[in-house]
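Here the structure comes first, spelled out in C-alpha cells, and everything after it is commentary.
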Number of protein chains: 4
Amino acid sequence: MTEAAPPATSGPRRGRRLTGAQRRQQLLDLALELFAEHGFDGTTVRDIATAAKVTDGLIYRYFESKEALLAEVVGQARERIQLVRAVNLDQPVEHIMRDLLTAFAQGVRDNLTLVELLRLEFRRPAAARPLANLHEEVLVTLAGLFDSLIERGAIAPHDTACAARLVAALAYGFAAIHRNLDDDQWAVALEQFCPFCVGVILYGTASGDASACPIAAPQT
Amino acid sequence: MTEAAPPATSGPRRGRRLTGAQRRQQLLDLALELFAEHGFDGTTVRDIATAAKVTDGLIYRYFESKEALLAEVVGQARERIQLVRAVNLDQPVEHIMRDLLTAFAQGVRDNLTLVELLRLEFRRPAAARPLANLHEEVLVTLAGLFDSLIERGAIAPHDTACAARLVAALAYGFAAIHRNLDDDQWAVALEQFCPFCVGVILYGTASGDASACPIAAPQT
Amino acid sequence: MTEAAPPATSGPRRGRRLTGAQRRQQLLDLALELFAEHGFDGTTVRDIATAAKVTDGLIYRYFESKEALLAEVVGQARERIQLVRAVNLDQPVEHIMRDLLTAFAQGVRDNLTLVELLRLEFRRPAAARPLANLHEEVLVTLAGLFDSLIERGAIAPHDTACAARLVAALAYGFAAIHRNLDDDQWAVALEQFCPFCVGVILYGTASGDASACPIAAPQT
Amino acid sequence: MTEAAPPATSGPRRGRRLTGAQRRQQLLDLALELFAEHGFDGTTVRDIATAAKVTDGLIYRYFESKEALLAEVVGQARERIQLVRAVNLDQPVEHIMRDLLTAFAQGVRDNLTLVELLRLEFRRPAAARPLANLHEEVLVTLAGLFDSLIERGAIAPHDTACAARLVAALAYGFAAIHRNLDDDQWAVALEQFCPFCVGVILYGTASGDASACPIAAPQT
DNA sequence: TATGAATGAGACTTCATTCAT
DNA sequence: CATGAATGAAGTCTCATTCAT
C-alpha cells in the first residue's frame, strides 16, 4: 500500500472537525474497507488515517490499538450482516428456492467486504468467534427453512442440516468464485446460476425432469 | 509470531550441510506451511529460517527476496496441485458423481495449505495468476466431464459450464466450511455430505425420487 | 500510567467552574503530586488534567508548557518548604539536639513529595537552582545553630560547617532509607532513631558515656 | 537529550563488527551510564544506540525491550556493587571507624552511576527488588561489624541495628550532598568529613573529648 | 555453504501542544 | 472558562535485507 499521497491541495486544511461519533464511524468504515482489501497485516494505521485525511495519531483517540479497531470493525460487521433473509413461503417451491438462493448470494455479495474480512482474518481471535457465530446462525436459519418446506409438503423429507450445508456451500462458493466480477457481470452470473441451481436441486440432473422446472430452461 | 530470539546459544549446531537443492526445497516447503498458516505478511523471514534451523541470512542465498520466495512457493504449488482427478466413467452415474465429488473435496483437503495460501494471498501478483489458472483448469475439466456423461446418456443435457461452477462452488464451499475439522471429523462429514449431494444433484429434492438413489438414503 | 481514555463519556460533567486562581493552584498541587510520584517524564499532561477532572487543553490556558508548569511547581515548593525550624535554645542540649533532628527529619517527611520531586528532577534546569538554594540554606541555618550552641557553651567548639553537613546527611539519609514506611512505622522509627543519634552525637560510642544521655537508653 | 549527531566522519563506517558478547556488554555499560544520568524515561533507545555508534534496531537483537535492558543493567549492577568492604579490625577503633566510613563513602562514590540509577528508578519493578536487597545487605553487614567491635570491647554496647542505619544514612547522605563535586573536590571533602564524623561518633560533641580523637583535629 | 552482526525503513503508539468551537 | 478534535514529532520496536567473516 501506501501510495504517495497527493500533495494536499491546501483546501480545507485537512478533514478536520468532525464530532467524535462521526469520526469514529468513519474510521470504522474505512478500516473495514481496507482490512478487507489488503488484510489486517497489509493495512497500516497510516493507510486508514490517510484515507480519512487525518494523522495517524488521531486513531488512538478512538481506539486503543489497531487490534482493538479490528475487533470493533468485526463486531459491527457481525451486527450489521444478515446473510439469509426471510423468504415468502406462499409461492411455488421453485420461486422460494430461487429467491432464497438469490437473496443469499446477493447477501454475501452486498456484504462482500465484511465477508472477505472475516474470511481473511478468521484466525485472529477478534474475528474467529464472530465468524463462527455467523456461520452457525446461517446454518440454523437455512435448516429451519427447509423444515418448514417439508412440513408444507413442498419438498420431500431429507436431512435438512445437510441440505443447509449444501446451500451455504453453494452460496459461499459462488460468491468466492465470482468475487472479481463487477456489478453488471455479477448480476448476469447470478441470474443464470441461481435458476440453474434451483433446477438441479429440485429436479436433479439424472432424468430430463429438470426441464419441468418452470422458472428456467438452461439448455446449452 | 517471533518470540524474542535468545542471542544464539550455539546449541546443537544448526541444521547444517544440506545440498543446495535440498535446502532450497526445504525452505520452499516450510515457507508454504508458514505462509498458509499466518499469511505472507504474518510470516517473517526469520520464522522460516528458524523453522529450517538456519539463520535468516541464508535465505537470501537461495531466493532474491521474500516476495520471490512466495512466487516460487506458489509456482510449485500450482504444479503440484490437482484438484479434479480422473474418474472411472464405466460405472453407474451415481458412483461417478460420488467419486468425483469425494475426490474433489478430498483434493482440496489434501492440498489445504496450498489452497489456503492461494486463498489468503490471491490478491498478491505472485499468487493471482496461478490461482486464476488453477480455477480455470478446474472448471474446464469438470465441464468436459459432464459433456462426456451427457454424451454417454448418463445424465440429461444441460449447461455444463454452469454445472461445473456448481460443483466447484460446492466443493470449495464444503472445504471452506469444514476447514477446522480434524481428519477424523472430516472423513465423517465427507462420507455423509457427498452422497447427500449426489442424491440431490441427480434426483432433486422436489419429489421423493432421491430415495431412488442407490448409494445413500440420508433421511432424517 | 495513562490507561486508554474512553472517548469522553460526558459523565457527571467535568469539575468545571473554578476561579482562575483556584484552578491554577489545583493544577500546581496535582502536578506536584504526580511529578513526585512518577517523575516529570513519567507524568503526562493528560494525567494532570485527568486528576483535575479537566481536559488537557485547559492546562495551556494556565501554563505556557509542561516545563513551565514544572518550574512553577518547583518555585512554589521552594517557597513553601522549610526543613529546619526554629528550635527553643533554652533547654538542655540533649533536648535541643533531639528537637532539631526530629523536626528536620519530620520536615523532610512532611514535604516528602517536594523533596522527592527535587531529588528526582534535580538535573532539570527548572529544579536544579531551587534545590541548590534550598540545600545551601539548610546548611547555613544548621551551622548558625551550632555556632549559637557553642557560644552558649552547650557544646564544645568544632567545625560547624562540617557538623551541619553531618546532620543534614543524617536527616536526608534517614528519610531516604525510610521513605517507604507508612506514617505509623515512620513515627516509631523516628522516635527510636533520633534519640539514638543524639546520644551518639553528643556523647559518642567509645565509652559508656552515652548512657549519661538523659533522653534515651537505647541498649540492645 | 538527542543532541545533533556529528556528521559521521565517514571513517570506519560505524562501530561495526563486534562479537555478540562484546556488543552486549558495551550496550549494558552505556545504558547504565545514560540511565543514571538522564533516568530511564529520559533516555531513548536511540541515545544508547548512538552512544554505541550503532542503529537502534540492533539493541533488540540483544535485549527484548528497553525495560528488559534496564533489568539486566540493574541485575549486573547488583552483582558488581559492594558498598561495605572488609575492614582490618586489628587497629585502634578510630582507624577502624575512619576506614569504614571512608571505604563506604568511597564505595558509594565509585559506584555512583549504579547508586544513582537505583536511586532514580527505585520505583520501577526492575530496580526495586535489587535496591531493597542491596540496602538490606548493607545494614546487616554494618550491624555485624559493630557487634564484632562491641565483642572486642572497642566500643560500648548499643543498638547495633540503629547504629548501622546511622552510618548508612551518613554515607548515603554524604554522597548525595556531594554528588556534584569533581574527583578532587570530593577527595578533599572526604578527607575532611570522615575523620570529623569519626570524632563525633566515637567521642561526641558534648564535652571537649573529641579532641582526644587521635586521627584528626577538625577545628574551624 | 553458512553465520550472525548490522542497517534502515517503516510499523505501531504516545504525547505535548494547538485551535475551532 | 472550558472542551475535545486534531496535529506532528518522537519513541519503541520489527523486519527485510546486506555483508564481513
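Each chain gets a letter, A, B and so on, in the order its sequence line appears, and its residues count up from 1.
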Exercise. Rounded to whole angstrom units, what separation is found between the CD1 atom of D:Ile59 and the P atom of F:dG11?
Worked result: 13 Å

For this session: Tell me the partner of F:dG11, counting only Watson-Crick (N1-N3 plus N6-O4 or O6-N4) or G-U wobble (N1-O2 and O6-N3) with both under 3.5 Å; none if nothing fits.
Result: E:dC12

Seminar exercise, completed: Out of F:dG11, E:dA5, F:dT17, minimum distance to the side chain of D:Leu58 belongs to E:dA5

Exercise. Taking atom C1' of F:dG8 as reference, at what distance in whole Å does atom CZ of A:Arg46 sit?
Worked result: 10 Å

Problem set entry | Phosphate OP1/OP2 of F:dA2: any C:Tyr62 side-chain N/O under 4.0 Å | yes

Exercise. Taking the side chain of A:Arg17 as heavy atoms from C-beta outward, which of E:dA11, E:dA2, F:dA6 is closest to it?
Worked result: F:dA6

Seminar exercise, completed: In whole angstroms, the gap separating P of F:dA10 from CG of D:Asp41 amounts to 18 Å

Exercise. If you check every side-chain atom of A:Val54, which of F:dT7, F:dA16, E:dA16 has the closest atom?
Worked result: F:dT7

Problem set entry | Toward the 5' end of DNA chain F, by each residue's nearest nucleotide, C:Gly20 or B:Ser65 | C:Gly20

Exercise. Does D:Tyr60 put a side-chain nitrogen or oxygen below 4.0 Å from OP1 or OP2 of F:dC15?
Worked result: no

Exercise. Applying a 3.5 Å limit to both distances, which nucleotide forms a Watson-Crick or G-U wobble pair with F:dT21?
Worked result: E:dA2

Exercise. Given the rule in the side chain to side chain contact (heavy atoms under 4.5 Å, CB included) test, do A:Ile59 and A:Phe63 qualify, once you have shown the distances and angles that lead to the verdict?
Worked result: CA-CA 6 Å; A:Ile59 304 240; A:Phe63 307 97; 4.2 Å; yes

Problem set entry | Side-chain N or O of C:Thr55 closer than 4.0 Å to phosphate OP1/OP2 of F:dG4 | no

Problem set entry | Comparing D:Glu67 and B:Phe40 on DNA chain F - which has the more 5′ nearest nucleotide | D:Glu67

For this session: Look at the side chain of A:Arg46 and the backbone N and O of A:Asp56, then say whether any donor-acceptor pair between them is shorter than 3.5 Å.
Result: no

For this session: State which of F:dA6, E:dT17, F:dT17 makes the closest approach to the side chain of B:Asp56.
Result: F:dT17

Exercise. Pick from A:Gln22, A:Arg23, A:Arg17: which one makes a side chain to side chain donor-acceptor pair (under 3.5 Å) with A:Thr19?
Worked result: A:Gln22

Problem set entry | Separation of atom CZ in D:Arg61 from atom P in F:dT12, rounded to whole Å | 20 Å

Problem set entry | F:dA5 base / A:Arg23 side chain donor-acceptor hit below 3.5 Å | no

